[in-house]
Q: 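Sharing a structure below in structure tokens format, with a few things to ask.
Heavy atoms only: backbone and side chains are in, while hydrogens, waters and symmetry mates are out. Treat the numbers as computed from the prediction; the structure is a model and nothing was measured.
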Amino acid sequence: MRALSLDLRERIVAACDRGTATQQQIAERFEVSLGMVKKLLKQRRRTGDLTVRYHACGPKPKIQPSHRMQLRALLAKKPDLTLKQLRDAIDVDCTIQAIHYVLADMGLTYKK
């Protein structure tokens with residue numbers, strides 16, 4: 001689902017500010033959910049801004065750039081380490097698949 005345009009966000013909040021209708025009625029009028037109306041009001045109250053906040057979505061990566069350097073150094077010394085051994089060596093609480101995806105992102109392949 002696409003994000004709401006800034007214009008629509010501003011109109012929803014302006015309608016709430018006028019106070020002539022309930023949040024549920026405003027949601028129905030603009031064909032959005034009641035949760036979206038509440039989210040916009042909360043976002044404006046907390047940040048003063050209504051723009052889309054994609055950068056704040058999702059979990060933060062557990063494998064940081066310092067871990068990537070450790071992985072590269074480990075594989076340079078001993079290229080036949082398994083993914084589990086690599087995960088244990090850098091001491092990060094993540095899945096084996098996360099290690100695989102990071103190695104792929106770094107351009108490193110796993111071949112025996």
Q: Counting only N and O atoms by type, is there a donor-acceptor contact under 3.5 Å from the side chain of Gln85 to the main-chain atoms of Thr82?
A: yes
Q: What heavy-atom pair brings Arg9 and Val52 nearest, and what distance separates the two atoms?
A: NH2-CG2, 3.7 Å
Q: Might you point out which heavy atoms bring Leu50 and Arg44 nearest each other, and give the distance in Å?
A: CD2-CB, 3.8 Å
Q: What do the steps show when you test Asp105 against Arg68 for salt bridge (charged side-chain N to carboxylate O under 4.0 Å, His left out), and what is the final call?
A: CA-CA 10 Å; Asp105 184 52; Arg68 288 174 178 250; 2.9 Å; yes
Q: Under a 3.5 Å threshold, yes or no: a donor from one side chain and an acceptor from the other, between Thr47 and Asp49?
A: no
Q: Kindly compute the distance separating NZ (Lys62) from CD1 (Ile90), expressed to the nearest 0.5 Å.
A: 11.5 Å
Q: Does the side chain of Val92 come within less than 4.5 Å of Arg87's, by heavy atoms?
A: no
Q: Check whether any side-chain heavy atom of Pro61 sits under 4.5 Å from a side-chain heavy atom of Ile63, and report yes or no.
A: no
Q: Keeping Gln70 on the side-chain end and Leu86 on the backbone end, is there a donor-acceptor pair under 3.5 Å?
A: no
Q: Give, for atom CG of Asp7 and atom CZ of Arg11, the distance between the pair rounded to the nearest 0.5 Å.
A: 4.5 Å
Q: So if you build clusters from Ile, Leu, Val, Met, Phe, Trp, Tyr with side-chain heavy-atom gaps below 4.5 Å, do Leu81 and Tyr101 land together?
A: no
Q: What is the distance from atom CG of Leu108 to atom CG of Leu71, rounded to the nearest 0.5 Å?
A: 8.5 Å
Q: For Met106, look at atom CE and say whether over 12 heavy atoms of other residues, nucleotides or ligands are found less than 6.0 Å away.
A: yes
Q: Is the shortest side-chain heavy-atom distance between Val32 and Leu40 below 4.5 Å?
A: no
Q: Indicate the atoms forming the closest heavy-atom contact of Arg29 with Arg18, along with that distance.
A: NH1-NH2, 4.1 Å
Q: Does any non-hydrogen side-chain atom of Ile26 lie less than 4.5 Å from one of Thr22?
A: no
Q: Roughly how far, to the nearest 0.5 Å, is OG of Ser33 from CD of Glu28?
A: 11.5 Å
Q: Where do Gln23 and Leu41 come nearest, in terms of heavy atoms and distance?
A: NE2-CD1, 3.3 Å
Q: If you group Ile, Leu, Val, Met, Phe, Trp and Tyr by side-chain heavy-atom gaps below 4.5 Å, do Leu6 and Leu8 land in one group?
A: yes
Q: Calculate, to the nearest 0.5 Å, the distance between atoms SG and NE2 belonging to Cys94 and His67 respectively.
A: 8.5 Å
Q: Go through the structure and list residues passing side chain to side chain donor-acceptor pair (under 3.5 Å) with Lys84, not counting sequence neighbours.
A: Asp88
Q: With rounding to the nearest 0.5 Å, note down the distance linking CG in Leu4 to CD1 in Ile12.
A: 5.5 Å
Q: Tell me whether Leu34 shares a hydrophobic cluster with Val13, the cluster being built from Ile, Leu, Val, Met, Phe, Trp, Tyr side chains joined at under 4.5 Å.
A: no
Q: With a 4.5 Å limit on heavy-atom distance, are the side chains of Leu103 and Leu83 in contact?
A: yes
Q: Does CG in Asp91 sit with more than 12 non-hydrogen atoms of other residues, nucleotides or ligands closer than 6.0 Å?
A: no
